[in-house]
Amino acid sequence: MGPVSVSTPIDVPRERAFGFVADLANRPSFMGEFLEEYRLQQLASVGVGAAARFRVRRPRVWMESVIDELDAPYRIFERGRGSRLSGMPIFTVWEVTEAGADGCEVRVVHWTEPSSPLDRIADHKPGRARSYRRRLTASLAQLKLALEEDQTPQRVAVAGGDRVPGAG
């Protein structure tokens, strides 16, 4: 699937929006209609190497995403894999730019690079890019609402993550 790109203006400082998006534990709070069974892969949910595994609702496929590059407070580059066989490379870039005195614009670009013939066939189904664009647009609208109304998100945690060896 070629690059699908959507953006939205948000009336919060760029650093705040970037920090919220860069924390993978916050993703289900604004992408919940798009993703299900979202799990962090490790205790750290922020920074290079932070990873999550989830299932996209339609098509029902498992994907994983790892933060590969982090250029705060501007850009997050995620690399992952997904598809029916979980082997297709998947890429997502989040960009947060200043817009106005106290606002910013959040842009997300998502694309895949199918390598197997089965992935190429599945990836080029009619309407797939349009469906992703629609769901990413809805996710950014939810992000805008959460940030502008200063909602406290329900964060995802790693099972047993509060148990620190040697503590208590």
Side-chain angles (χ1 to χ4, degrees), residues 1-82 90-112 127-159 161-162:
M1 175 174 56
V4 174
S5 174
V6 297
S7 64
T8 191
I10 301 178
D11 290 328
V12 299
R14 174 172 70 168
E15 292 76 13
R16 182 163 168 241
F18 182 87
F20 193 86
V21 172
D23 188 347
L24 295 181
N26 291 330
R27 297 283 173 89
S29 70
F30 63 93
M31 296 185 83
E33 296 299 317
F34 188 8
L35 312 175
E36 59 189 11
E37 297 187 49
Y38 190 93
R39 300 177 178 113
L40 293 176
Q41 297 292 89
Q42 55 192 11
L43 290 175
S45 63
V46 179
V48 174
R53 182 164 170 78
F54 48 89
R55 189 162 52 189
V56 176
R57 289 185 186 234
R58 272 182 249 129
R60 291 184 60 88
V61 295
W62 283 98
M63 292 185 182
E64 70 177 33
S65 188
V66 179
I67 295 178
D68 202 38
E69 297 174 23
L70 194 67
D71 183 16
Y74 173 68
R75 185 175 178 267
I76 305 160
F77 178 79
E78 298 175 24
R79 182 183 314 264
R81 295 205 168 272
I90 297 167
F91 304 92
T92 307
V93 175
W94 296 85
E95 295 174 335
V96 184
T97 55
E98 289 183 354
D102 292 326
C104 65
E105 181 174 44
V106 176
R107 179 175 181 243
V108 60
V109 182
H110 178 81
W111 72 96
T112 60
R128 171 86 35 105
R130 185 174 54 247
S131 173
Y132 269 78
R133 185 173 291 110
R134 185 181 70 248
R135 290 185 283 171
L136 288 172
T137 299
S139 295
L140 287 185
Q142 188 64 36
L143 173 66
K144 177 182 176 89
L145 182 70
L147 288 172
E148 289 181 351
E149 293 187 1
D150 202 21
Q151 297 174 355
T152 304
Q154 184 172 351
R155 295 171 44 85
V156 172
V158 175
D162 59 343

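Source: prediction; values computed, not measured. Note that these values count all heavy atoms, side chains included, but never hydrogens, waters or copies made by symmetry.
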- [ ] Please test Tyr132 against Val56 for side chain to side chain contact (heavy atoms under 4.5 Å, CB included), starting from the C-alpha separation and ending with a verdict.
- [x] CA-CA 10 Å; Tyr132 269 78; Val56 176; 3.9 Å; yes
Between [Y] and [X], is there a side-chain heavy-atom distance shorter than 4.5 Å?
{"X": "Glu95", "Y": "Tyr74", "answer": "yes"}
{"X": "Ser139", "Y": "Gln142", "answer": "no"}
{"X": "Ser45", "Y": "Arg155", "answer": "yes"}
{"X": "Ile76", "Y": "Phe18", "answer": "yes"}
{"X": "Glu64", "Y": "Ile90", "answer": "no"}
{"X": "Phe20", "Y": "Ser29", "answer": "yes"}

Open item on the list: How close do Leu24 and Ala51 get, counting heavy atoms only, and between which atoms?
Closed with: CD1-N, 3.6 Å
TODO: Start with the C-alpha distance between Asp150 and Arg16, add both sets of side-chain angles, then the distance that settles side chain to side chain contact (heavy atoms under 4.5 Å, CB included), and finish with yes or no.
DONE: CA-CA 11 Å; Asp150 202 21; Arg16 182 163 168 241; 2.8 Å; yes
- [ ] Would you please classify the geometry between the Trp111 ring and the Phe77 ring as parallel, tilted or perpendicular, with 30° and 60° separating the classes?
- [x]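 Ring orientation of Phe77 relative to Trp111: tilted.
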TODO: Classify the ring geometry between Phe30 and Trp94 as parallel (under 30°), tilted (30 to 60°) or perpendicular (over 60°).
DONE: perpendicular
Task: Neighbour count above 12 (heavy atom, 6.0 Å) for Asp102 CG - done: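 No, because the 6.0 Å sphere around CG of Asp102 holds 12 heavy atoms or fewer from other groups.
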- [ ] Answer yes or no: does atom CD of Glu33 have more than 12 heavy-atom neighbours from other residues, nucleotides or ligands under 6.0 Å?
- [x] no
Open item on the list: Does either side chain, that of Trp62 or that of Glu37, offer a donor lying less than 3.5 Å from an acceptor on the other one?
Closed with: no
Hey, what do you get for [atom1] ([X]) to [atom2] ([Y]), rounding to the nearest 0.5 Å?
{"X": "Leu136", "Y": "Leu143", "atom1": "CG", "atom2": "CG", "result": "11.5 Å"}
{"X": "Arg55", "Y": "Leu35", "atom1": "CZ", "atom2": "CG", "result": "11.5 Å"}
{"X": "Met31", "Y": "Arg135", "atom1": "CE", "atom2": "CZ", "result": "9.5 Å"}

Between [X] and [Y], is there a donor-acceptor pair closer than 3.5 Å when you use the side chain of the first and the backbone of the second?
{"X": "Arg107", "Y": "Thr97", "result": "no"}
{"X": "Arg57", "Y": "Gly32", "result": "yes"}
{"X": "Arg79", "Y": "Ser65", "result": "no"}

